[in-house]
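Accompanying notes for the structure given below.
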Amino acid sequence: MTLLSTPAVSVRDLRKSFGSLEVLRGISLDAAEGQVISILGSSGSGKSTMLRCINMLETPDAGEIAIGGEVIALRKGRNGRTEPANRSQVDRIRSRVAMVFQSFNLWSHLTVLENVIEAPIHVQKRPRAECIAEAEALLAKVGIVDKRNHYPAHLSGGQQQRAAIARALAMKPQLMLFDEPTSALDPELVGEVLRVMRSLAEEGRTMLVVTHEMGFARDVSSRVVFLHKGMVEEDGPPGEVFSAPTSPRFRQFISEHR
Amino acid sequence: MSTLSLMSLGSDGWGLAMLVAAGVTLSVASCGFLLGSVIGGLVAWVKLSGGAVARAAADAYTTILRGIPDLLIIYLFYFGGSALLSSIAGLLGPGGFVGVSGFAAGATAIGIISGAYQSEVFRGAYTALNRGEIEAAKSVGMHRALMFRRIIAPQVLRYAIPGLGNVWQLALKESALVSVTGLVELLRQSAIGAGSTREPFSFYLAAAVLYLAITTVSSWGFRRAESYAMRGVRRT
């Protein structure tokens, strides 16, 4: 695939070890504006770690990450490990890259509405009234506007995850990262979250989705990337990779996950 | 004379003096408790994120303060503070004994003791936080101070309230020990009244009632604060 414009996110030769365990062994990935990339792989393949490196929740040991063409500056710290060279750059980039977590991670002391307006008001410093109006529209969009004054603990998992998606959208992100967004949900609640994600994909949002939902990968994403032992093993449009996988490991993965 | 008439608020009763003394008790305990909150917060922060040396110092502080009798600490502050002031005064002019105020020594002692306990309360509350919520705060681009103010502090306080309620009651009862410095707080006032009227039981009974009133109202307050703070938490 040729990229005509600056990629929304560009990952170059990303490496990361935890102790002696090498989790990422040189991953490169470019995502064009509007692409929805499903990242598949068995547990331990490094897919979540890669996603967490993109917004610096994990600091890569080596490699380069650029968001919308802006390279995240890294340096060697005093203890020999890499660290962000500029915290305010990391904060600025994070405010443009939204993350949806497996365990929702809504702030438990705030209501659903307060969760959604928190960062727009305090990080982006936008007017409160405007943030509230937008938050209510987003909550309506994900179908839980009637729960806006509830606390997260009083919502089902599916409702919490939809609230978390609304919180992510409220930042007007250039890029959305989903870290196994349906893995913590009861099976009957998975559908409502996937429907919201599908509608986001149809709006043309740029999304990186670490998932085990083969249906989503096959039907919604524009591209599928399969990781194995910290490397990209398969990469292509779902129509191609599912019907004619080049990697035997991916073929095996598909047969185990149908 | 009956207890009630002894404690009348009129000019011949001791009621007003006892109420004022209860006010002094409340003030010295509150000042000590608030000082303890500041100390406890700082020490908890050092324990959680400081370097090895700072952490060892913080651990030593809590170990020592929790291992020495409170009365002894009050003596150390009162006489230590007075000795320090006297030697400073001696440098400035002809020597003599300069005492620190009982209130200052007492509030400081209570603060230092309370701080040791509160640091453990705050540390425990912080470790009860959900790490994922902190990651979520990072992921939206909150810088450290903002994250502390908006996400961490409210939640730490929420988990700390029950423990702080206990520490507050300890501080209140420690304040009775400050009577050894001559500060006329509730217990000291009762002793004075008991001595001059030869009605010790009436005075100590009245003091017990006043202490109980203070602790009852404050534990009601802490319960209210806790139920407000836990409004977003599902009861299991």
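Just so we're on the same page: letters track the sequence lines, and every chain starts at 1.
- For chain B, no part of A:R92 is nearby; none of its heavy atoms comes within less than 4.5 Å.
- The residue from B:L164, B:I110, B:L170 that alone fulfils the side chain to side chain contact (heavy atoms under 4.5 Å, CB included) condition with B:F33 is B:L164.
- Residue A:I93 does not touch chain B at all, counting heavy-atom pairs closer than 4.5 Å.
- When each of B:R150, B:Q155, B:R158 is scored by its heavy-atom pairs under 4.5 Å with chain A, the top score falls to B:R150.
- When only modelled atom types and interatomic distance are considered, B:T216 and B:W220 share no side-chain donor-acceptor pair under 3.5 Å.
- Checking side-chain atoms of A:S10 against main-chain N and O of A:P7 turns up no donor-acceptor pair under 3.5 Å.
- Side-chain atoms of B:S37 and B:Q118 include a donor-acceptor pair closer than 3.5 Å.
- Residues A:K141 and A:S199 have side chains that never bring a donor and an acceptor to within less than 3.5 angstrom of each other.
- For A:V100, no part lies under 4.5 angstrom from a heavy atom of chain B.
- Contacts of B:L146 with chain A are made by side-chain atoms alone, with heavy-atom separations under 4.5 Å and no backbone atom involved.
- At least one test fails for A:R205 against the ring of A:F178: distance under 6.0 Å to the centre or angle within 45° of the axis.
- Along residues 132-144 of chain B, the residues that come nearer than 4.5 angstrom to chain A, judged on non-hydrogen atoms, are B:G132, B:E133, B:E135, B:A136, B:A137, B:K138, B:S139, B:V140, B:G141, B:M142, B:H143, B:R144 in order of number.
- Under the 4.0 Å criterion applied to side-chain N and carboxylate O atoms, A:R12 and A:D30 are assigned as salt-bridge partners.
- Ring geometry, A:H154 versus A:Y151: the interplanar angle exceeds 60°, so the pair is classed perpendicular (tilted spans 30 to 60°).
- For the atom pair CG of A:L175 and CD of A:Q35, the computed distance is 11.5 Å after rounding to the nearest 0.5 Å.
- Using modelled atom types, one side-chain atom of B:Y61 and one backbone atom of B:I112 make a donor-acceptor pair closer than 3.5 Å.
- No other option in A:M171, A:M99, A:H122, A:E118 has as many heavy-atom pairs under 4.5 Å with chain B as A:H122.
- Annotation: maximal heavy-atom pairing with chain B below 4.5 Å, among A:M56, A:R52, A:R167, A:H150, occurs at A:R52.
- There is no contact between A:R96 and chain B, counting heavy-atom distances below 4.5 Å.
- Inspection of the A:E70 and A:Q89 side chains reveals an N or O donor paired with an N or O acceptor under 3.5 Å.
- For A:S108, the parts lying near chain B are the backbone and the side chain together; criterion is any non-hydrogen pair under 4.5 Å.
- Chosen from A:N55, A:T111, A:L57, the residue pairing most often with chain B at heavy-atom distances under 4.5 Å is A:L57.
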